Amino acid sequence: MLRALRLCLHALLGGLIALAAVKAVADDAPHATAVVLSALTMAVVYTVGALSPAVDRSPRAAAVWLAALGLAWLILLGLSRDGLWAAFPLYFLQLHLLPMRWGLTAVAATAAAAIAGFVLHGPAVTPGSFLGPLLGAAVAVATVLGYQALYRESERRRELIDELLAAREDLAAAERTAGTLAERERLAREIHDTLAQGLSSIQLLLRAAERTLPVGAPAAAHVRQAREAAQDNLAEARRFVQALTPPDLEHGSLAAALERLCAATPAPAVQFGVSGTPVQLPTPYEVALLRVAQSALANTVRHARAARAEITLSFMETSVALDVVDDGEGFDPSAPGLRTGGGFGLPAMRSRARSLGGTLSVESAPGQGTAVAITLPLPSADPGGPA
């Protein structure tokens with residue numbers, strides 16, 4: 001579109017300059033030769049500027065070129081009345097290449113020169129002598145301002161489309177990542193709850209059977225080998241579970257992952273604390289506690305409008321608890337819409353707690369903040385070690 005407009009402007013100015021020269025020759029004007037030479041000079045100056053890259057890049061070069069072109073036009077206008085018509089494309093050039101303030105000043109000066117040229121060559125002064133150049137200037141200003149407004153709107157829409165495309169790509173990547181992490185968690189949970197627990201039970205049973213066998217019994221060696229094989233496979237299953245651990249837990253303890261979660265939350269200000277003596281937790285426990293903290297803190301950021309929040313990890317004799325408290329707007333936990341869900345938010349947190357034999361409690365009221373607490377019973381130690 002811009003290229004087409006420039007071509008039209010080139011054709012318009014070239015045609016008007018040629019019209020002044022041809023008409024001067026056709027009418028056998030007294031200064032026909034001078035008119036032709038001035039028209040050629042203006043055409044050469046215009047062509048040099050139109051082909052020069054410096055005019056588009058440098059405002060100073062554009063101003064110098066417009067000044068030279070204007071001087072050539074004034075000479076043509078002084079020799080021929082028909083040079084008046086070249087003022088119209090000059091308006092567009094001045095508004096396009098100069099800053100708006102200087103462009104309007106140049107347009108006003110060009111319109112005044114056109115009026116003066118019309119009066120100089122005209123037999124009588126008429127209202128058209130003033131209205132013609134002024135209306136042309138007004139049309140040029142309105143056209144350029146309208147084009148600039150449309151261009152800005154087009155740029156805003158282009159930027160919006162780029163942002164939407166980038167957001168769609170980010171969302172797709174986030175969905176893929178979330179799906180991958182969810183599948184890793186599911187596999188880790190399945191391996192822990194089935195294979196690892198079964199191997200641990202087999203190991204315990206074989207250990208018990210080994211103790212009941214008399215010394216030197218022929219089956220004792222086979223029972224010992226079976227127990228050692230079960231122990232080796234249990235260790236391998238635990239390595240599988242560890243490999244499927246969420247990335248947040250790969251480079252440190254649960255407490256370190258929660259600290260990073262608090263530090264990565266820009267608003268509200270989140271504090272983290274540990275109560276009691278930390279103990280090593282099975283991977284499913286750490287995953288559940290981390291996911292509940294992430295979900296509760298995400299709800300705080302999106303909905304609570306809180307000024308501060310606090311996450312506390314508490315180790316007790318028989319249980320471990322995680323509390324997420326904020327001073328936000330709060331809500332009514334008994335609202336019907338909060339008792340149902342599709343696996344997200346509070347229903348998902350309750351499901352995680354129930355899957356490990358724990359409980360999830362939510363205390364909140366409108367205007368009184370929110371406290372989410374998950375409590376999980378610590379797994380009892382056994383001779384085969386924690387599964």
Side-chain angles (χ1 to χ4, degrees), residues 1-24 31 34-122 129-152 154-155:
M1 178 64 70
L2 185 59
R3 186 179 296 110
L5 291 175
R6 286 185 174 181
L7 291 176
C8 291
L9 184 62
H10 297 335
L12 178 61
L13 186 59
L16 292 175
I17 294 174
L19 175 64
V22 171
K23 194 171 182 182
H31 306 289
V35 171
V36 172
L37 290 176
S38 62
L40 288 175
T41 301
M42 185 176 179
V44 170
V45 172
Y46 180 78
T47 302
V48 171
L51 297 177
S52 174
V55 171
D56 286 329
R57 291 197 302 260
S58 171
R60 176 172 298 182
V64 171
W65 176 60
L66 287 175
L69 186 63
L71 180 60
W73 174 71
L74 288 176
I75 295 173
L76 178 62
L77 180 62
L79 295 172
S80 172
R81 178 181 178 181
D82 296 314
L84 166 70
W85 308 112
F88 189 68
L90 287 178
Y91 296 151
F92 288 99
L93 287 173
Q94 292 161 349
L95 292 170
H96 175 67
L97 295 175
L98 297 176
M100 184 54 61
R101 181 180 61 179
W102 295 108
L104 292 176
T105 302
V107 167
T110 303
I115 294 172
F118 196 98
V119 172
L120 176 65
H121 294 287
S129 306
F130 297 91
L131 292 179
L134 293 178
L135 288 176
V139 169
V141 170
T143 302
V144 171
L145 291 179
Y147 171 79
Q148 291 178 349
L150 290 175
Y151 179 78
R152 287 193 297 268
S154 175
E155 284 297 299

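Residues: numbered from 1 along the sequence shown. Treat the numbers as computed from the prediction; the structure is a model and nothing was measured.
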Using residues 105-117 as the side-chain source, report each donor-acceptor pair under 3.5 Å to any protein atom, sequence neighbours left out, with the distance given to one decimal.
| residue | atom | partner | partner atom | Å |
| --- | --- | --- | --- | --- |
| Thr105 | OG1 | Arg101 | O | 3.0 |
| Thr110 | OG1 | Gln94 | OE1 | 3.3 |
| Thr110 | OG1 | Gln94 | NE2 | 2.8 |
| Thr110 | OG1 | Ala106 | O | 2.8 |

Side-chain donor-acceptor pairs of residues 59-79 under 3.5 Å, sequence neighbours excluded:
| residue | atom | partner | partner atom | Å |
| --- | --- | --- | --- | --- |
| Trp65 | NE1 | Val45 | O | 2.7 |
| Trp73 | NE1 | Gly83 | O | 2.7 |

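Under the 3.5 Å distance criterion, the side-chain polar atoms of Ser154 are left unmatched by any main-chain donor or acceptor of Leu150. Without hydrogens or angle criteria, Thr143 side chain to Val139 main chain gives a donor-acceptor distance under 3.5 Å.
Scanning for side-chain contact (heavy atoms from CB on, under 4.5 Å) contacts around Ala18 gives an empty result, with sequence neighbours left out.
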### Query
Do Val141 and Tyr91 pass the side-chain contact (heavy atoms from CB on, under 4.5 Å) test, and can you show the C-alpha distance, the side-chain angles, and the key distance before you say yes or no?
CA-CA 8 Å; Val141 170; Tyr91 296 151; over 6 Å; no
#### Entry: Evaluation steps, side-chain contact (heavy atoms from CB on, under 4.5 Å), between Val22 and Val36
CA-CA 8 Å; Val22 171; Val36 172; over 6 Å; no
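When all heavy atoms of Leu16 and Pro89 are compared, the closest pair comes out as CD1-CD, 3.8 Å.
Residue Leu13 holds its CG atom at 5.5 Å from OH of Tyr46, rounded to the nearest 0.5 Å. Atom CZ of Phe88 is separated from atom CG of Leu12 by 7.5 Å, given to the nearest 0.5 angstrom.
Put simply, the side chain of Val44 does not reach to within 4.5 Å of the side chain of Thr47, judged on heavy atoms.
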